Number of protein chains: 4
Amino acid sequence: MPSETFFNLPTDKRERFVQVAAAEFAAHPYDSASITRIVRELGIAKGSVYQYFADKLDLFLFLLDEAGRRKLAAIGPLSLDGLDVFERLARMYAAGLALYRDEPVWAALSLRLTEPSREPRLEAMRAELASRSRDGMRTLLAEARDAGQLRHDVDVDVAAALVHAMLAEGLLAAWRQREDAALEPIVDQALSLLRHGLSASYPQPELPSGMSQTRT
Amino acid sequence: MPSETFFNLPTDKRERFVQVAAAEFAAHPYDSASITRIVRELGIAKGSVYQYFADKLDLFLFLLDEAGRRKLAAIGPLSLDGLDVFERLARMYAAGLALYRDEPVWAALSLRLTEPSREPRLEAMRAELASRSRDGMRTLLAEARDAGQLRHDVDVDVAAALVHAMLAEGLLAAWRQREDAALEPIVDQALSLLRHGLSASYPQPELPSGMSQTRT
Amino acid sequence: MPSETFFNLPTDKRERFVQVAAAEFAAHPYDSASITRIVRELGIAKGSVYQYFADKLDLFLFLLDEAGRRKLAAIGPLSLDGLDVFERLARMYAAGLALYRDEPVWAALSLRLTEPSREPRLEAMRAELASRSRDGMRTLLAEARDAGQLRHDVDVDVAAALVHAMLAEGLLAAWRQREDAALEPIVDQALSLLRHGLSASYPQPELPSGMSQTRT
Amino acid sequence: MPSETFFNLPTDKRERFVQVAAAEFAAHPYDSASITRIVRELGIAKGSVYQYFADKLDLFLFLLDEAGRRKLAAIGPLSLDGLDVFERLARMYAAGLALYRDEPVWAALSLRLTEPSREPRLEAMRAELASRSRDGMRTLLAEARDAGQLRHDVDVDVAAALVHAMLAEGLLAAWRQREDAALEPIVDQALSLLRHGLSASYPQPELPSGMSQTRT
DNA sequence: AATGAATGAGTATTCATTCAT
DNA sequence: TATGAATGAATACTCATTCAT
């Protein structure tokens, strides 16, 4: 929600502003990100920032929005028709991973919304985002279960959390520790793990003694 | 590494200090945690903190140590003998989860060490911890593969990252969204996912069309 | 190296700042000089200082520079052509003395660079200044000796230190204890002492029994 | 003026205290010297210092006294009988220099009294000391002049300041820049400079054009 | 007599935000 | 519309001094 003033800026100036600001918020958690550093780097007046944006949070939210827009532009709408649930999951998160590879700054910026902050309005957004993302995953898995694609003993709620973590943090970590830039083999590994791990089309082994001795 | 002064404090005072300080660092990333807030909350003089600890980092490291000590005290050493790799993994992370349930403040504090910081000494520790933890997981999986417990197409490096994310972030998220406090069913779900997902004792399905169309 | 901001200040405000800051650093060694006192005296916000200067040292170095500039402006470049070494020495130091008389604050400020400090960058500068100043004096005397203007038994290195002290500390002290403001008679006294003390054009007396009994 | 408590201390403990405290005040100007550092180094309680001394100044003054006592003990009363004024001067300051060589800590401590401070009581003492020392030098030179040992054109007041600076700062600087430890040659140089510079037994040259063009 | 915990004002420095020009 | 100077509360940290035990 920048002011009109911001959009009236010459394109190159506006883009430079966006790029430098994004880099700052990508490099530091929201609370530690510094408007002072941004204007110092840009060589513009501090007041300008407040002519464009209401406050620090306003700027940050705009950048998050921008990150989403760029992601969409870079990846395009995913065509997931005709794919089973595992393929769809893999492709969705692979898209995010590709963004991280191609636009690390914007990807890092997006991840800032998963961190806690002292800014209450940000905390609220974070909670809501987490809840929506969880719901999405749950819905996807629930549909799969109803379509008979999941083993019967899979708890959709729990699996949603596990799969999300694996595909969000896990994929990213796996890719970061690799020297090569090839995403496909990594995504294939995750897909295989998921397929074996959840699919109904594979035989059920009897569980061993299991967690019954685990301290809870 | 607190000073002797700190250990000579009356027990209740010292414990209140530890509790309030832990809460501060659990609630905020290291850079944003505020000693000013701690002393304000405690109602003591600012100088007192520096009678006890050399500086902010010294206090933080002591609290991390304390978190480790409490974890050990709460859980005891894990007995993992005779268990297969999946059981072992599940129990290790379940232990961490149990700590999070019983001592959420201390668990959150521990997780702070996974976040980046502008304090160089802390960054060094974080990098080392991450590297050690990654290596541990890799070693575990590599041993399992050599013992024939993993499917042959599993890439140990990638799987290590995926499994770690699933069991660290994933388990935690799954538990947090539940209202009940029972850990066992959640851990069992993860165990099952892992077993089906990685174990060699289950048949290999042929992969469907796969990632060949995925944008990389 | 103040920021542009500082130079854009209204002249009177900037000059008042400079004067108050100079007075503070003139009155206290660098380590004890207090930015808090400066802003309290000026009645401005603490943050303002850091709009103008990067840090305490930056401010101090600017003031030292300013002192040099004012000295130059007040005295102008010295014309020492055609004078013998004693005249040249006397005039050089007399110039510093005149500055002290006319601008005691700025002179005191300059002398701060001769004091030790806990600021490493300042220590480095001090060491270098001392070394350069010693070398300058030595060179001057060495030239005089080569030109036959010095008695043959004069040790240039030792004489350099003695003469420097006499003309720096000594002249200043002599002038400070006088109520009148006339520099000339004082400088003439020093010149005479130097001339008799070092010049080759005066007869050599045989030294009395001398230092042979001195404890070393 | 330490308390009785201090003198009742076991000798070795008391001496260690004195030595460490002296080192601190020798290493830092009075304002910057830190009692915290002293007790940290000694490993004693902070309160102890205040059981021995009323405050920081009280401790410092005691140490200054002690420095005087040690100087006297190390050097003994100077026997200056039968010497002319130049010899007497040289020996007096040479004694101080010897102290600096043998006991650099105590000598540095003594010099602290020549530095300005924010402690008003210290400032008063400094002024008084300077005045007394100046008077002593003036008296010495005045007697010499009355005894016909000084050239007639020597201004006793000015010469007192010049000679003091040369023998205090100058001698010290000359000795410090030398690698060898021999004091005698350095003192001889100063003696010679003084003798030629001030003595009545040497012919008066006519002064050259002189300071008449010097800006005052 | 010694301890050492507590104090609180002091230090330099950073920062988001405001507002007159 | 842009500027950029001013603000003042925030940060971590130091210090001489006090006082109950």
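Chain identifiers are assigned alphabetically (A, B, ...) following the order of the sequence lines, protein sequences preceding nucleic acid strands; residue numbering begins at 1 within each chain. Quick caveat, the model's predicted, so the values are computed rather than measured. Values below: all heavy atoms of this structure, side chains included; hydrogens, waters and symmetry mates excluded.
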Take D:Glu41 and D:Arg37 through the test salt bridge (charged side-chain N to carboxylate O under 4.0 Å, His left out) and record every step on the way to the result. CA-CA 6 Å; D:Glu41 171 79 18; D:Arg37 271 196 297 265; over 6 Å; no
Of the listed nucleotides F:dA2, E:dA12, E:dA16, the one nearest the side chain of A:Ser48: F:dA2
Who is the Watson-Crick or G-U wobble partner of F:dA2, with both distances under 3.5 Å? E:dT21
Just the rounded figure in Å: distance from P of F:dT1 to CD1 of A:Ile44. 15 Å
May I have the distance from D:Leu59 (atom CG) to F:dT17 (atom C1'), rounded to whole angstrom? 14 Å
Just N and O in the side chain of B:Ser34: are any of them under 4.0 Å from OP1 or OP2 of F:dA10? no
State whether B:Thr36 places a side-chain N or O below 4.0 Å from either non-bridging phosphate oxygen (OP1 or OP2) of F:dT11. yes
Describe the nucleic acid contact of D:Asn8 in one word from base, sugar-phosphate, nothing, applying a heavy-atom distance below 4.0 Å. nothing
Is there a donor-acceptor pair closer than 3.5 Å between any side-chain N or O of A:Lys56 and the backbone N or O of A:Ala33? yes
Expressed in angstrom and rounded to an integer, what is the separation of C:Leu57 atom CG from E:dA12 atom P? 13 Å
Using modelled atom types only, decide if a donor and an acceptor are shared between the side chain of B:Arg14 and the backbone of B:Asn8 within a distance under 3.5 Å. no
Could you tell me which nucleotide pairs with E:dA1 by Watson-Crick or G-U wobble geometry, both distances under 3.5 Å, or answer none if nothing does? none
Under 4.0 angstrom, heavy atoms only, what part of the nucleic acid is D:Tyr52 near: base, sugar-phosphate, or nothing? sugar-phosphate
Starting from the 5' end of DNA chain F, give me the residue, C:Pro10 or B:Ile35, whose nearest nucleotide shows up first. C:Pro10
Report the C-alpha separation of A:Leu57 and A:Tyr30 in whole Å, then their side-chain angles, then the decisive distance to 0.1 Å, and conclude whether the side-chain contact (heavy atoms from CB on, under 4.5 Å) test is met. CA-CA 8 Å; A:Leu57 180 60; A:Tyr30 175 80; 3.3 Å; yes
What is the distance, to the nearest angstrom, from the CD1 atom on B:Ile38 to the C1' atom on F:dA10? 15 Å
In this structure, how many angstroms lie between the P atom of F:dA10 and the NZ atom of C:Lys46, rounded? 13 Å
Whether C:Phe6 and C:Phe53 hold their rings parallel, tilted or perpendicular, with breakpoints at 30° and 60°: tilted
Comparing B:Arg118 and B:Gly43 on DNA chain E - which has the more 5′ nearest nucleotide: B:Gly43
On the nucleotide F:dT17, are OP1 or OP2 found under 4.0 Å from the side-chain N or O atoms that D:Tyr50 carries? yes
Counting side-chain heavy atoms from C-beta on, which of E:dA2, F:dT3, F:dC15 comes nearest to D:Arg37? F:dC15
Using a heavy-atom cut-off of under 4.0 Å over every strand shown, decide if A:Ala54 touches base, sugar-phosphate, or nothing. nothing
For A:Lys13 and for D:Lys56, find the nucleotide of DNA chain F with the closest heavy atom, then tell me which residue's nucleotide is more 5'. A:Lys13
Residue A:Thr5, side-chain atoms from C-beta onward, closest of E:dA1, E:dG4, F:dT1: F:dT1
Output the rounded distance in Å from CG (D:Asp31) to P (E:dG10). 15 Å
Looking at E:dA9, which nucleotide sits across from it as a Watson-Crick or G-U wobble partner, both distances under 3.5 angstrom, or is there none? F:dT14
Need one value for A:Leu9: base, sugar-phosphate or nothing, where a base atom within 4.0 Å counts as base even if backbone is also close, heavy atoms only. sugar-phosphate
Rounded to the nearest angstrom, tell me the gap between atom OH in B:Tyr30 and atom P in F:dA12. 9 Å
Determine whether a donor-acceptor pair (N or O, by modelled atom type, separation under 3.5 Å) exists between the side chain of B:Glu24 and the backbone of B:Ser34. yes
Between atom CG in B:Asp55 and atom P in E:dA12, what is the gap in whole Å? 20 Å
